[in-house]
Each structure stands twice: as C-alpha cells, then as structure tokens.
Q: 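Just passing along the structure, written as structure tokens.
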Amino acid sequence: MDDNKQLIAQCEARAKEWLSPAFDEETRKEVQQMLDAEDKTALIDAFYQNLEFGTGGLRGIMGAGTNRMNKYIVGMATQGFANYILKAFPGKQSAVVVGHDCRNNGRMFAETVADIFSANGIKVYLFESLRPTPEISFAIRQLGAQAGVNVTASHNPREYNGYKAYWDDGAQVLAPHDKGIIDEVNKVSIDQVKFQGNKELIEIIGGEMDWDYLTAVKEAMVDQDVILRHKDLNIVYSPMHGTGRVIIPEALRSWGFQNIHVVPEQMVIDGNFPTVVSPNPENAEAMTLGMKLGTRLNADLVIASDPDADRLAIVCRNPKGEWEILNGNQTCMMFCWYIIANKKKLGQLKGNEFLVKTIVTTEEIARIAEKNGVELKDCYTGFKWIANEIRVNEGKKKYIGGGEESFGFLPFDKVRDKDSPASICLICEIAAWAKDNGMTLYDLLMNIYVEYGFSKEVTINVVKPGKSGADEIKQMMVNFRQNPPKELGGAKVCLVKDYQTLEACYADGRKEKIDMPTTSNVLQWFCEDGTKVSVRPSGTEPKIKFYTEVKDSSMECAKCYERCTRDAEVKIEAIKKSLGL
C-alpha cells in the first residue's frame with residue numbers, strides 16, 4: 001500500500017469513529033459526506049492529525065474532525081484543563097473566567113467550556129456576551145480566579161477559531177502549568193468529557209466588570225491636562241467587527257476625549273468580517289475604510305483594534321497630509337518614549353521603574369531606556385513572557401510599559417496580556433500632547449528618530465507548508481547553527497546569540513551565558529553597523545520568520561526620513577541575499 005492510500009485508510013478509520021452516537025447528527029452527517037466524497041482531500045485535512053493543544057491553547061479551522069475546531073475538540077481540551085486545575089488546587093473551590101470574541105461559534109464554544117468546567121465542580125464566571133481579551137485577563141485577577149479561557153482566534157482569517165488558556169495571574173499559561181495541562185488534555189477521550197453543565201456553578205458577568213476594567217484602564221493615563229486641552233482631538237476608530245466596539249469608545253470618553261467617530265460598517269458584530277480580506281490591523285487593506293472616513297472628517301488619527309481587541313493599529317498624517325500607517329515597532333517605540341519622557345517631566349519616575357520588550361522588537365527602545373536611566377528587560381516573543389516579567393518583579397519594581405513588534409502593547413499592570421483599549425487611549429493622549437506642542441504623531445516619530453537614530457524593521461516570512469516544509473525549516477535552523485553567517489548585507493557579524501543553548505558568542509571568541517528563564521529555538525545575529533537579524537520558526541504556522549533591523553545615524557532632520565528609508569530597504573534586500581532568501 002503506498003503512502004497516500006495508507007493515509008486515506010487511517011483517516012477513514014478515524015472518521016468512522018465520529019459516526020458513533022457520542023457525536024451529534026450534524027457532525028455525523030458532515031463526516032459521512034467526507035467519507036462518501038470521491039476526492040479525499042477534505043477528509044485528510046480534517047482527520048490526518050489531532051488539533052494540538054499547545055502552550056497557548058488551541059487554534060484551527062472550524063468544522064468536523066480531529067484536526068478542526070469543534071465542540072468535541074474544545075470539550076476534550078476543557079476536560080483536560082479542568083482535570084489539571086482540580087489537581088493544582090486540591091480541596092479548594094476553584095473558579096475560572098470564560099469569555100469569547102465575535103467569531104462564528106464563539107458563544108457556543110464558550111458555553112460548552114462553561115458547562116464542562118461547572119460539571120467538574122469548578123465555579124464559572126461567564127461573560128454575558130463578547131468582550132476584549134484584556135478584560136478577560138483583568139477579570140481573572142479581579143475575581144481571584146484560578147484560571148480562564150478566552151474563545152478567540154485573534155486576527156486570523158474568518159475560517160478560524162481558537163482557545164486561549166490563562167492561569168491565576170491573568171497571563172497565558174507558562175511552565176510548568178502549560179506542559180501539565182497538555183499532558184492532561186492528551187489523556188482525555190470523548191467519552192470522558194462531562195458536557196452536562198451545572199447551572200448553579202455558572203455566574204453571568206458583564207456590566208459591573210466593564211466598569212471595573214474601564215476604571216483600571218485610566219491608570220495608564222500619564223497627563224490628563226493635555227487631554228483636557230485637546231478633548232476635541234478628531235479620532236476615527238474601527239473595531240473590525242469585534243469586541244472593541246463598545247469598550248473602546250467608552251474608554252476614550254472616560255479619559256476625556258469627546259470627538260470620537262466610528263466606522264459604521266465595521267461596528268457590526270460579524271464573524272465573517274465582510275469588510276476586510278483578513279481582520280488583521282497589520283494589513284494596510286484592513287485600514288482602508290477607516291482612512292476613507294478619516295479623510296472625509298479631516299481626522300487627526302485613525303485607530304483600529306483586531307477582533308479580540310488585544311492589538312491596535314495607528315494611522316496618522318504626514319506633512320503632505322497623507323495617511324501613514326505606523327508599524328508595530330514604531331508604535332511600541334513611541335509609547336516607551338512618551339511614558340519615560342512625560343513621567344520624568346511630571347516627577348513620576350522614582351528610579352525603580354522598568355520597561356519590557358521582546359527580543360525581536362526594535363533596539364531603539366533600548367537606546368531610549370538607557371539614555372533616560374530606565375531599566376529595560378528583554379523577553380521571548382509572546383506576551384505571556386512580558387506578563388512573566390511583571391509577575392517576577394511584582395512588589396520589587398514598578399512596571400510602566402511593555403510591547404512587541406506585532407502591534408501589541410500594555411501600558412499598566414492590572415492586565416497581563418496585550419491591551420488595545422488602554423493603548424488606544426494612551427496613543428490618543430500622546431497625539432494630544434503632540435498637538436499641544438505644535439506637532440502631529442508623525443512629527444513626534446521623526447523627532448525620536450533624529451534624537452536616537454533612524455531604524456527600519458522588516459519581518460520576512462518564509463512559508464513552508466506540510467511535513468516536508470516542517471522538515472525543511474528544521475534543517476534551516478540546523479544549517480544556521482552549523483554555519484552562521486559571517487556578514488549580513490556587507491556588515492560583519494560581531495555577535496551570535498543562540499537561545500537554544502543560551503550562549504552568546506562574539507567574533508573575537510568570547511562567550512557569555514544568556515540570562516533567560518528557559519530555552520527557545522531562536523537565533524540572533526548582530527553586526528558592527530547595528531544591524532540585528534533574528535530568526536525563529538513560528539510555533540503556530542508553517543513558516544520561519546526573519547526579523548531584520550537596520551540602523552542609520554545620519555538622520556539629522558525629518559526631511560532625511562525618506563532617504564534613510566530607501567537606503568534601509570536596499571540594505572534589507574542585501575541581507576536577504578546573504579541569507580539565501
């Protein structure tokens with residue numbers, strides 16, 4: 001039997017198990033259609049593997065099958081999670097918070113999760129309707145819950161849904177709990193799932209938690225006076241059909257902003273995301289409707305949040321009056337600069353403050369922090385690592401902000417995940433401050449570059465689908481470790497950091513240990529001219545990512561920006577050639 005026939009036979013055997021009475025009629029019908037179809041592609045895609053419960057939870061295309069997001073896969077994941085919670089907190093009435101975003105089947109999955117937890121004797125706080133990811137994180141801490149689940153696939157395409165697992169600090173689970181939960185989930189079979197909920201243990205929450213969360217968000221405010229002077233700042237906002245639609249305009253009003261306009265077509269809750277190709281604020285296309293409304297209303301800035309409202313995108317005007325979409329590095333850099341500069345000016349820095357960024361985020365932030373005497377901590381990619389830095393320093397040092405290149409920032413410590421409501425309010429405060437000083441956000445960005453040096457960052461995604469692709473990505477990392485590049489784009493590599501061995505190797509032969517809480521399959525190369533390239537395989541998608549950053553200290557004024565950008569683009573192309581991309 002050739003490999004393909006063997007694979008089809010395995011998938012058919014798995015699929016037939018889904019024809020048992022343990023599964024509902026609709027599911028059985030969908031599976032039977034896949035079995036009956038002449039083309040077995042859909043059958044293979046749905047059953048060739050189990051949708052893996054990883055360190056962050058689940059994420060996949062919705063539909064029937066072992067490799068799909070459906071109530072049975074969600075059910076087995078939740079039963080395993082419940083088993084782990086009961087082991088971790090023996091003899092205690094444990095509680096979890098459950099929420100969801102706007103995606104199709106989100107409410108059904110959330111209610112399924114709530115039923116299973118309650119059937120296992122665990123108290124459930126279930127949000128009445130869709131809520132932002134950061135509010136779920138906040139509620140876990142506010143209610144003293146032991147864990148939480150948020151049903152979301154963040155900014156993924158409409159076919160997807162997902163399941164994020166949180167621990168009692170309001171952050172996504174880390175070691176040892178992540179591995180412990182995965183082990184429990186892998187033990188569960190469908191007949192062990194307790195789907196029949198205990199309604200007495202399910203409490204619906206909503207408005208009061210919104211109030212508490214919005215009150216906490218105001219702690220991210222630095223200087224209310226500039227807001228009061230520019231309360232008519234002209235703001236256009238889009239929730240991209242998602243959870244920010246009520247919370248974010250309300251948060252802006254609570255900070256004092258009064259001139260808020262929303263993109264009406266994208267205020268409609270819709271898991272099909274009809275107005276965008278993909279609901280990802282990193283994609284310029286997703287910002288089109290907002291920019292059109294911004295042009296018509298002569299807005300100062302256009303802002304959007306993704307469907308679960310943890311990420312944000314910012315669009316401001318350049319000197320020609322054209323819209324410029326800021327990238328995640330620029331946004332993070334501007335937040336860090338403003339927080340430091342204005343807390344310093346207002347006498348709010350006491351000397352024990354710290355910022356956090358991920359290792360693939362721009363080193364401009366390190367320059368800003370160093371020049372101003374503020375400690376900066378580097379952590380791995382993923383906001384759970386920023387949350388970990390807040391947790392381990394709690395009570396010893398004061399967290400004042402942290403972010404990553406992928407459009408996520410957290411400006412206060414009551415939440416332990418990316419927080420677009422708080423970040424959007426703060427960027428509007430920054431725009432108000434800039435206006436107070438005769439500038440736009442764009443002008444402020446240029447001033448930061450002039451003071452700290454120009455930097456351009458580009459992420460290169462190399463997609464390698466399937467098992468052969470996964471093998472190829474694995475081999476690429478082996479090759480880079482065995483034969484690290486000596487130069488990148490003509491600049492000599494002077495330092496190599498390998499986070500798998502936690503070793504930093506200098507060109508002169510010196511070696512140092514890297515201080516990180518665990519290992520990670522990431523390589524970084526630093527060049528004599530300030531170039532930084534980080535490479536890591538994606539943990540959730542069939543791709544390997546190259547994060548490139550190039551410097552230019554010759555930007556003496558805002559007019560130099562376009563030249564510096566062109567030079568950087570040439571340099572990045574040369575780096576790609578050096579890496580064989």
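Reckoned from all heavy atoms, side chains included, excluding hydrogens, waters and symmetry mates.
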Q: A side-chain contact here means heavy atoms from C-beta on lying under 4.5 Å apart; do L51 and T66 qualify?
A: no
Q: Measuring from L174:CG to N388:CG, what's the distance to the nearest 0.5 Å?
A: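 Here the rounded value is 5.5 Å.
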Q: Show the nearest heavy-atom pair for residues P134 and A309, with the distance to one decimal.
A: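 Looks like CD-O, 3.4 Å.
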Q: Is K357 salt-bridged to E405, going by a charged N under 4.0 Å from an acidic O?
A: no
Q: For D515, does the CG atom have more than 12 heavy-atom neighbours from other residues, nucleotides or ligands under 6.0 Å away?
A: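 For D515, atom CG is not crowded (no more than 12 foreign heavy atoms under 6.0 Å).
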Q: Taking the side chain as every heavy atom from C-beta outward, state whether I514 and Y499 have any pair of such atoms under 4.5 Å apart.
A: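 In short, these two side chains touch, coming nearer than 4.5 Å.
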Q: Please round to the nearest 0.5 Å and tell me the distance separating atom CD1 of I368 and atom CG of L376.
A: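 Here the rounded value is 10.0 Å.
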Q: Just checking, any donor-acceptor pair under 3.5 angstrom between side chains of S423 and S420?
A: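 No, no side-chain donor-acceptor pair sits under 3.5 Å.
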Q: Quick check on side chain to side chain donor-acceptor pair (under 3.5 Å): which of Q146, Q93, E203 does K123 satisfy it with?
A: E203
Q: Would you say H241 and T275 are linked by a side-chain donor-acceptor pair, where the criterion is simply a distance under 3.5 Å?
A: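 Result is yes, a qualifying pair exists.
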Q: Between atom OG1 of T112 and atom CZ of R107, what is the distance when rounded to the nearest 0.5 Å?
A: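 The CZ atom of R107 is 10.5 Å from OG1 of T112, to the nearest 0.5 Å.
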Q: Which heavy-atom pair separates I247 from L214 by the least distance, and what is that distance?
A: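 Minimum heavy-atom contact is O-CD2, 3.8 Å.
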Q: Any chance you could lay out the salt bridge (Lys or Arg N to Asp or Glu O under 4.0 Å) test for D24 and K71, step after step, and finish with the verdict?
A: CA-CA 10 Å; D24 63 41; K71 73 177 184 180; 3.5 Å; yes
Q: Taking all non-hydrogen atoms of both residues into account, name the closest pair between I85 and A147 and its distance.
A: CD1-CB, 3.7 Å
Q: Would you indicate whether Q196, at its atom CD, is surrounded by more than 12 heavy atoms from other residues, nucleotides or ligands within a distance under 6.0 Å?
A: no
Q: Quick check: do E135 and F127 have side-chain heavy atoms less than 4.5 Å from each other?
A: yes
Q: Once rounded to the nearest 0.5 Å, what's the spacing between atom CG of L130 and atom CD1 of I269?
A: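 The CG atom of L130 sits 4.5 Å away from the CD1 atom of I269.
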Q: Do N342 and W433 have a side chain donor and acceptor closer than 3.5 Å?
A: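 Checked: N342/W433 side chains pair up, N/O donor to acceptor below 3.5 Å.
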Q: Below 4.0 angstrom, N of the basic side chain to O of the carboxylate: do K164 and D310 qualify?
A: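 Counted as a salt bridge, because a side-chain N and a carboxylate O are separated by less than 4.0 Å.
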Q: Which atoms form the tightest heavy-atom contact between A145 and V97, and what is the distance?
A: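 Residues A145 and V97, closest heavy atoms: CB-CG2, 4.1 Å.
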Q: Work out which heavy atom in D419 is nearest to a heavy atom in F412; give both atom names and the distance.
A: OD2-CE2, 3.4 Å
Q: Could you check whether Y160 and R103, counting side-chain N and O atoms only, form a donor-acceptor pair closer than 3.5 Å?
A: no
Q: Do S278 and N280 have side-chain atoms, one donor and one acceptor, less than 3.5 Å apart?
A: no
Q: Looking at E353 and K343, does any basic side-chain N land under 4.0 Å from a carboxylate oxygen?
A: no
Q: Measure the CD1-OG distance between I122 and S94 for me, rounded to the nearest 0.5 Å.
A: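 OG of S94 is found 6.0 Å from CD1 of I122.
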Q: Go through the side-chain N and O atoms of N150 and T133 and say whether any donor and acceptor fall under 3.5 Å apart.
A: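 The criterion, which ignores hydrogens and geometry beyond distance, is satisfied for T133 and N150.
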Q: Flag this pair as yes if the NZ/CZ of K377 is under 6.0 angstrom from the six-membered ring centre of F354 and inside a 45 degree cone about the axis; otherwise no.
A: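 Flagged: K377 positioned over aromatic ring of F354.
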Q: Kindly assign one of parallel, tilted or perpendicular to the pair W167 and Y84, based on the angle between their ring planes and the thresholds 30° and 60°.
A: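 The rings of W167 and Y84 sit tilted, inter-plane angle from 30° to 60°.
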Q: Please check if the number of heavy atoms outside E128 that lie under 6.0 Å from its CD is greater than 12.
A: yes
Q: Report yes or no: do D417 and Y166 form a side-chain donor-acceptor pair below 3.5 Å?
A: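 The answer is yes; a qualifying pair exists.
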Q: Under the side-chain contact (heavy atoms from CB on, under 4.5 Å) criterion, do Q348 and V222 qualify, and how do the steps go?
A: CA-CA 9 Å; Q348 295 175 7; V222 178; 4.3 Å; yes
Q: Just checking, K545 and Y547: is the charged tip under 6.0 Å from the six-membered ring centre and within 45° of the axis?
A: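 No, a cation-pi geometry is absent between K545 and Y547.
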Q: Just verifying a value: how many Å separate R141 CZ and D212 CG, rounded to the nearest 0.5 Å?
A: 14.0 Å
Q: Is the shortest heavy-atom distance from the side chain of P239 to the side chain of M267 under 4.5 Å?
A: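 Side chain of P239 against side chain of M267, heavy atoms only: contact under 4.5 Å found.
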Q: Between T358 and W385, is there a side-chain heavy-atom distance shorter than 4.5 Å?
A: no
Q: I'd like to know whether the aromatic ring centres of F81 and F117 sit less than 6.0 Å apart in this structure.
A: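 Yes.
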Q: Does either side chain, that of D101 or that of T152, offer a donor lying less than 3.5 Å from an acceptor on the other one?
A: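 The criterion, which ignores hydrogens and geometry beyond distance, is satisfied for T152 and D101.
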Q: With a 3.5 Å cut-off and no angle check, do the side chains of N259 and H261 form a donor-acceptor pair?
A: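 Their side chains do contain a donor-acceptor pair, which is all the 3.5 Å distance test asks for.
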Q: Which word best sums up how the rings of F195 and Y72 line up, parallel for under 30°, tilted for 30 to 60°, or perpendicular for over 60°?
A: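 The arrangement is perpendicular - the two ring planes meet at more than 60°.
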Q: Does a salt bridge link E394 with R416, judged by any charged N lying under 4.0 Å from a carboxylate O?
A: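 Yes, this pair counts.
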Q: Side chain to side chain donor-acceptor pair (under 3.5 Å) for S154 and D306? Distances and angles first, verdict last.
A: CA-CA 7 Å; S154 191; D306 66 348; 3.3 Å; yes
Q: Does the pair N161 and N104 meet the rule for a side chain to side chain donor-acceptor pair (under 3.5 Å), with working shown?
A: CA-CA 8 Å; N161 213 326; N104 296 331; over 6 Å; no
Q: Check this for me, if you would: do D115 and K199 make a salt bridge, where the nitrogen-to-carboxylate-oxygen distance has to be below 4.0 angstrom?
A: yes
Q: Side chains of Q79 and N120: any donor to acceptor distance under 3.5 Å?
A: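 Per modelled atom types, N120 and Q79 side chains form a pair under 3.5 Å.
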Q: Within a strict 4.5 Å, meaning less than it, do heavy atoms of the K350 and K398 side chains meet?
A: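 Not in contact.
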Q: Distance alone, cut at 3.5 Å: any donor-acceptor contact between the side chains of R536 and N521?
A: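 No, because no side-chain N or O of R536 sits under 3.5 Å from a partner of the opposite role on N521.
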Q: State, to 0.1 Å, how close G403 and F383 come at their nearest heavy-atom pair, and which atoms those are.
A: CA-CE1, 4.1 Å
Q: Flag the pair R131 and D308 as a salt bridge only when some basic side-chain nitrogen lies within less than 4.0 angstrom of an acidic carboxylate oxygen.
A: no
Q: Are any of the side-chain heavy atoms of I359 and M516 separated by less than 4.5 Å?
A: yes
Q: Holding to side-chain hydrogen bond (donor to acceptor under 3.5 Å, both in side chains), I want the full list of residues that pass it with Y338, two or more places apart in sequence or in another chain.
A: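 Y338: side-chain hydrogen bond (donor to acceptor under 3.5 Å, both in side chains) contacts with E429.
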Q: So, do I386 and E389 sit near enough that their side-chain heavy atoms are less than 4.5 Å apart?
A: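 No, side chains not in contact.
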